[in-house]
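Structure first, then comments.
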Amino acid sequence: MPKRIILFDTTLRDGEQSPGASLTVAEKLIIARQLANLGVDVIEAGFPIASEGDFEAVKQIAQNIKGPAICGLARTHEADIDRCWEAVKYAIKPRIHTFIATSSIHLEKKLRMTQTEVVELAHKAVRFARERCPDVEFSPEDCARTSLDYMCEVVQAALEAGATTINIPDTVGYAEPEEFAGRIRYLIEKVPAIRQAVISVHCHNDLGNAVANSLAAVMAGATQIEGCINGIGERAGNAALEEIIMNLVTRKDFFNVEVGVNTREIFKTSRLVSNLTGLGIPRNKAVVGQNAFSHEAGIHQHGVLSSRQTYEIMTPEEVGWEGENLVIGKHSGKHAVAALLEAEGFRLDPDQLNQITNKVKELADKQKQVAEDDILAIARDITMQLPEEEQYIRLEEFTVTTGSGLTPTASVRLIVAGEKKIGAAIGDGPIDAISNAIWSIIGPSLQLVDYNLKAITGGTNALADVSIKLADQKGHLFSARAVDEDVIKASALGIVKGINKAFRSEQKIHSQAV
Ligand code: KIV
Ligand code: ZN
């Protein structure tokens with residue numbers, strides 16, 4: 001009988017820690033709903049003590065999303081665990097995930113605690129969590145760099161306190177597949193009580209081994225894998241959940257395990273996460289990249305035309321990939337736009353759909369046809385807009401003067417916290433001038449650290465797609481994106497969106513431990 005592998009999605013917790021990827025509560029709810037459609041078993045919805053926003057997102061997901069277990073993260077402090085329980089308790093299947101670091105370097109340099117103190121704290125925290133919640137996961141953070149015997153001691157203590165899942169994280173992406181599998185085998189051999197619990201793994205991708213390490217652990221006896229859609233996450237990210245799923249499904253002959261997901265929802269989920277986080281997907285990314293199912297080379301095309309199996313080990317349909325660049329003209333209506341965006345994972349309310357359709361039609365009037373990439377850019381622009389009441393600043397008006405022999409000069413009128421503010425500046429070019437004019441109002445608390453401009457499709461009347469990154473004084477990054485036919489306006493709107501994001505998450509404390 002094949003074993004059932006539990007898929008634990010942490011896109012909304014560990015994934016959201018990707019630099020610049022912060023999501024609103026509403027966006028997290030949309031992603032959680034799609035993760036439930038995909039059929040993951042557990043959604044780690046956030047870190048409730050980290051901020052009001054995280055708490056609210058976990059709570060709303062627990063209240064509204066049926067199917068998967070809903071999990072929240074907590075350090076071993078009682079206040080963290082209580083806050084986590086307050087958020088997850090509404091779920092039909094709530095879970096508390098508590099963690100403490102166990103590697104010598106973390107004990108000495110970060111926690112300044114002895115091994116015995118950490119064992120005691122882990123035991124106490126799990127027991128405290130179990131008094132509230134029947135499902136408790138425990139993680140010895142940085143486990144892949146923890147001595148094997150000390151790992152066993154901590155895990156034994158967590159099991160005695162009632163942990164139902166023991167998660168083995170490779171927090172810094174240090175392990176090699178055979179070594180990591182050996183660690184799981186060692187644990188099973190030395191801590192027999194673990195057979196009553198679920199053995200989970202959580203791998204980061206610093207050396208590019210996250211998926212391989214997770215799969216090696218399955219072969220060694222792990223039955224839960226943690227990961228993020230598109231492999232997003234801090235630094236090089238977490239194990240890409242869609243790659244794990246397709247390995248287990250495509251190579252069932254090898255792994256002999258079952259998963260409970262609907263693989264046809266993968267593509268939609270991937271695009272939704274990319275659209276809402278603003279983190280693009282490399283074209284050659286396994287399973288969900290744009291090139292994953294295209295065959296350029298003549299010899300491959302010939303083979304695929306004779307029999308798809310010559311070069312395809314899985315079909316585009318299996319992962320829900322719905323075809324190539326569809327073109328929309330000015331006579332295509334709302335339904336065509338809605339169908340296209342639905343297939344790309346967008347969940348739109350009627351007002352957003354109207355705004356997008358109107359903008360697409362405006363563009364089609366000028367360009368005759370609007371390509372899919374343009375429509376996606378417009379949809380991203382509109383859906384990533386914060387609701388008006390959450391916008392700290394708004395761009396009201398701007399003028400830019402430039403020309404040969406003239407110094408580019410810009411003036412802007414912004415509404416900042418309800419008040420009109422005017423700024424003016426010169427710059428090396430018109431975009432630099434408008435950016436300087438905005439900063440003359442906002443001040444030095446934020447800095448533009450990255451600016452990228454792309455013409456999406458078409459000729460000189462193409463849409464300009466601007467993505468920017470801002471950094472605050474603590475080094476937190478905030479990314480934003482805006483599109484417009486006017487490249488200067490797109491740039492100003494991108495900066496304004498980034499500033500809004502930064503101000504919104506000002507209070508957010510991310511624990512330095514995760
Ligand atoms: O990478 C890590 O160790 C974590 C833990 C909280 C599981 O994210
Ligand atoms: Zn992690």
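All ligand and atom numbering here is 1-based and tracks the order in the structure. Numbers for residues simply follow the sequence, beginning at 1.
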Handout entry: S491 side chain to Y451 side chain, donor-acceptor N/O pair below 3.5 angstrom
Key = yes
Handout entry: Polar side chain donor-acceptor pair, H202 to S139, under 3.5 angstrom
Key = no
Exercise for the section: Might you point out which heavy atoms bring A480 and K497 nearest each other, and give the distance in Å? Expected result: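 Between these two residues, the closest heavy atoms are CB-CB, 3.7 Å.
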Problem - Short N/O/S contact of D14 with the Zn ion (ligand 2) (below 2.8 Å) - result: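 Given the 2.8 Å cut-off, D14 counts as a ligand of the Zn ion (ligand 2).
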Exercise for the section: Determine the interplanar angle of the W321 and F293 rings, folded into 0 to 90°, and report it as parallel if under 30°, tilted if 30 to 60°, perpendicular if over 60°. Expected result: tilted
Could you give the side-chain donor-acceptor pairs of residues 211-223 under 3.5 Å, partners two or more places apart or in another chain?
residue, atom, partner, partner atom, Å
N213, ND2, A175, O, 3.1
N213, ND2, N209, O, 3.4
S214, OG, A210, O, 2.7

Taking N or O atoms only and a 3.5 Å limit, does [X] qualify as a polar contact for ligand 1?
X    : result
R13  : yes
H204 : yes
E226 : no

Problem - Winner among R75, E141, H97, H202 once heavy atoms are compared against atom 4 (C) of ligand 1 - result: H202
Exercise for the section: Please work out which of S139, G233, C143 has its closest non-hydrogen atom nearest to atom 7 (C) of ligand 1. Expected result: S139
Completion exercise
From the list L241, L279, I30, N230, side chain to side chain contact (heavy atoms under 4.5 Å, CB included) partner of V273 resolves to N230
Handout entry: Heavy atom of E234, distance to ligand 1 below 4.0 Å
Key =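 Under 4.0 Å: no for E234.
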Fill in the blank from the handout: Short version for T171: what comes under 4.0 Å of ligand 1, heavy atoms counted, is both
